[in-house]
Number of protein chains: 2
Amino acid sequence: MQQIADAADINKSMLHYYFRSKSDLYEAVFGHAVERFMASFDHDALRDADSFAELLRRFIDGYVAFCQAHTDIMQLIVSENLRGGPLLGEHLQRLEKTGEKAPPHIFRSAIESAIETGEIRPVDPDQTLLTIIATCIFPFVARPTAQIMLSPTASDWDAFLQARKEHIFDVVYHGLKHPAVSSPPPA
Amino acid sequence: MQQIADAADINKSMLHYYFRSKSDLYEAVFGHAVERFMASFDHDALRDADSFAELLRRFIDGYVAFCQAHTDIMQLIVSENLRGGPLLGEHLQRLEKTGEKAPPHIFRSAIESAIETGEIRPVDPDQTLLTIIATCIFPFVARPTAQIMLSPTASDWDAFLQARKEHIFDVVYHGLKHPAVSSPPPA
DNA sequence: CCCCGATTTAACAACTTGGTTAAACTATTT
DNA sequence: AAATAGTTTAACCAAGTTGTTAAATCGGGG
């Protein structure tokens with residue numbers, strides 16, 4: 001608490017004044033992180049995409065960029081997940097009530113639409129969503145290992161991420177789209 | 001240390017007797033976890049696969065199964081990664097010296113071969129490896145969130161993982177293989 | 001001007017932590 | 001039987017933890 005107060009350039013007593021206990025403080029911080037994290041699913045560029053391919057590309061770009069810019073937030077959320085995440089329940093359900101639709105649900109329904117129009121193969125939307133998120137987030141979660149085992153050194157990390165966006169889109173979209181046809185498959 | 005000693009059903013003094021300090025103990029445990037984790041890349045079933053598709057399928061099955069059976073090991077490794085992983089360097093390099101080839105490298109060269117034979121498209125092996133690992137591990141890293149936002153409740157978690165193996169193979173292999181041709185592409 | 005909330009300061013209490021120490025006891029080996 | 005390594009017990013210490021308390025200080029609005 002002392003260190004937190006110092007870093008925030010306020011007084012330790014003030015911390016207890018506004019946040020009764022350390023766990024209260026953590027919960028507040030975590031709630032803030034969850035909101036920002038969820039909001040990252042839902043930026044304007046996603047709304048005016050004329051194809052699923054375009055939507056997917058923008059989603060990947062935005063998502064990786066968010067993790068890149070706010071590594072701390074992402075780490076906090078992953079960390080809470082690793083712990084078993086007792087707080088996740090409350091906060092996620094709170095967001096589902098507040099916003100009409102939780103951000104990831106938007107993308108999921110986009111997947112379902114794309115299946116109906118025949119742009120992509122019939123896949124499980126949940127699994128697909130998880131796959132996309134996983135490929136975007138994981139480099140940040142396992143960054144030290146990735147940097148040791150794969151080629152990228154710390155210096156060209158940004159370049160690696162740039163290439164990653166393209167790779168994810170490339171592999172995932174090829175993995176989802178209908179093979180060699182652009183129209184819906186035979187019923 | 002007291003709790004650890006109790007859980008191990010030994011005496012607290014014994015812990016300091018064998019492991020001088022808590023960080024020594026942690027390092028030993030972590031090293032053990034790394035070895036087991038790396039070994040999971042390298043099981044016999046991988047060696048006699050007659051196609052990249054079969055290799056990929058077996059790798060995914062084995063990897064998800066490992067995470068399922070040894071969640072604690074995986075959590076420890078991910079956790080250390082999140083912390084910035086100062087220990088990862090030593091242990092990973094130690095393994096690279098010991099074993100002739102680090103396990104993930106085997107799979108990477110398999111990707112390269114499959115590219116040469118034309119079974120799959122020319123993709124970045126590093127990125128591809130990271131993608132496959134990410135899709136396998138991430139459900140465990142983000143399990144609480146996944147269970148809240150996606151359909152699976154705790155009871156059918158195993159069924160979800162079973163379906164996940166198939167989904168990963170389905171999407172990733174479709175994403176990698178050459179579209180509609182089984183022979184190498186025109187030079 | 002005075003009051004009141006926000007803020008600071010500093011000391012303090014209760015408790016947990018990692019780690020040490022010394023003495024006694026046990027089992028095995030020589 | 002004697003020596004030795006492993007093991008237990010229990011008390012203890014220094015440092016760090018969260019959290020509390022009370023008094024002093026500051027700043028603005030009625």
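Every chain is numbered from 1 and lettered A, B, ... according to where its sequence line falls, protein lines coming before strand lines. All of these numbers come straight from a predicted model, not from anything done at the bench.
Put simply, NE2 on B/H16 is 17 Å from P on D/dT9, counting in whole angstrom units. Here the P atom of nucleotide D/dT9 and the CG atom of B/D6 are 11 Å apart, to the nearest Å. A/Q2 places its CD atom 14 Å from the C1' atom of D/dT20, with the value rounded to the nearest Å. The CZ atom of B/R20 sits 14 Å away from the C1' atom of C/dT21 (whole-angstrom rounding). Atom CD1 in B/I4 sits about 11 Å away from atom C1' in C/dG18, given to the nearest Å. Between the OH atom of A/Y17 and the C1' atom of C/dG5 there is a distance of 6 Å, given to the nearest Å.
Ring geometry for B/F140 against B/W157 counts as perpendicular: the plane angle is over 60°, on a 0 to 90° scale with 30° as the lower cut.
Partners of B/Q162 according to the side-chain hydrogen bond (donor to acceptor under 3.5 Å, both in side chains) rule, which considers only residues two or more places apart in sequence or in another chain, do not exist here. For A/N81, the side-chain contact (heavy atoms from CB on, under 4.5 Å) partners two or more places apart in sequence, or in a different chain, are A/I77, A/L88, B/A142, B/P144, B/T145. In this structure, the ring-ring contact (aromatic ring centres under 6.0 Å, His included) partners of A/H91, at least two apart in sequence or on a different chain, are A/F30. With sequence neighbours excluded, no residue satisfies ring-ring contact (aromatic ring centres under 6.0 Å, His included) with A/F138. Under the rule for a side-chain hydrogen bond (donor to acceptor under 3.5 Å, both in side chains), A/Q75 has no partner lying at least two apart in sequence or in another chain. With sequence neighbours left out, B/Y173 forms a ring-ring contact (aromatic ring centres under 6.0 Å, His included) with B/F169. Remark: A/H70 pairs with A/F66 by the ring-ring contact (aromatic ring centres under 6.0 Å, His included) rule, at least two apart or across chains.
Proximity note for A/Y18 (side chain, C-beta onward) versus D/dT7, C/dG19, C/dT7: the nearest is C/dT7.
Rounding to the nearest 0.5 Å places CE of B/M74 at 12.0 Å from CD of B/Q68. Atom CZ of B/R164 and atom CD1 of B/I60 lie 9.5 Å apart (nearest 0.5 Å). Here B/K12 contributes atom NZ and B/I4 contributes atom CD1; the two are 11.5 Å apart, rounded to the nearest 0.5 Å.
The stretch residues 55-72 of chain A participates, sequence neighbours left out, in these salt bridge (charged side-chain N to carboxylate O under 4.0 Å, His left out) pairs: A/D48-A/R58, A/E54-A/R58.
Annotation: side chain of B/L76 is in contact with side chain of B/Y26 (closest heavy-atom distance under 4.5 Å).
Counting non-hydrogen atoms under 4.0 angstrom, A/F19 reaches nothing in the nucleic acid.
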Please list, pair by pair, any protein nitrogen or oxygen found under 3.5 Å from a nitrogen or oxygen in nucleotides 15-17 of chain C.
none

Strictly under 3.5 Å: I want the nitrogen or oxygen pairs between protein and nucleotides 24-29 of chain C, one per line.
none

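Contact check of residues 8-15 of chain A against DNA chain C (heavy atom, cut-off under 4.0 Å) returns A/N11, A/S13, A/M14.
When base pairs are accepted only as Watson-Crick or G-U wobble with both N-N or N-O distances under 3.5 Å, DNA chain D takes part in stems of 3 or more pairs at C:1-30 with D:1-30.
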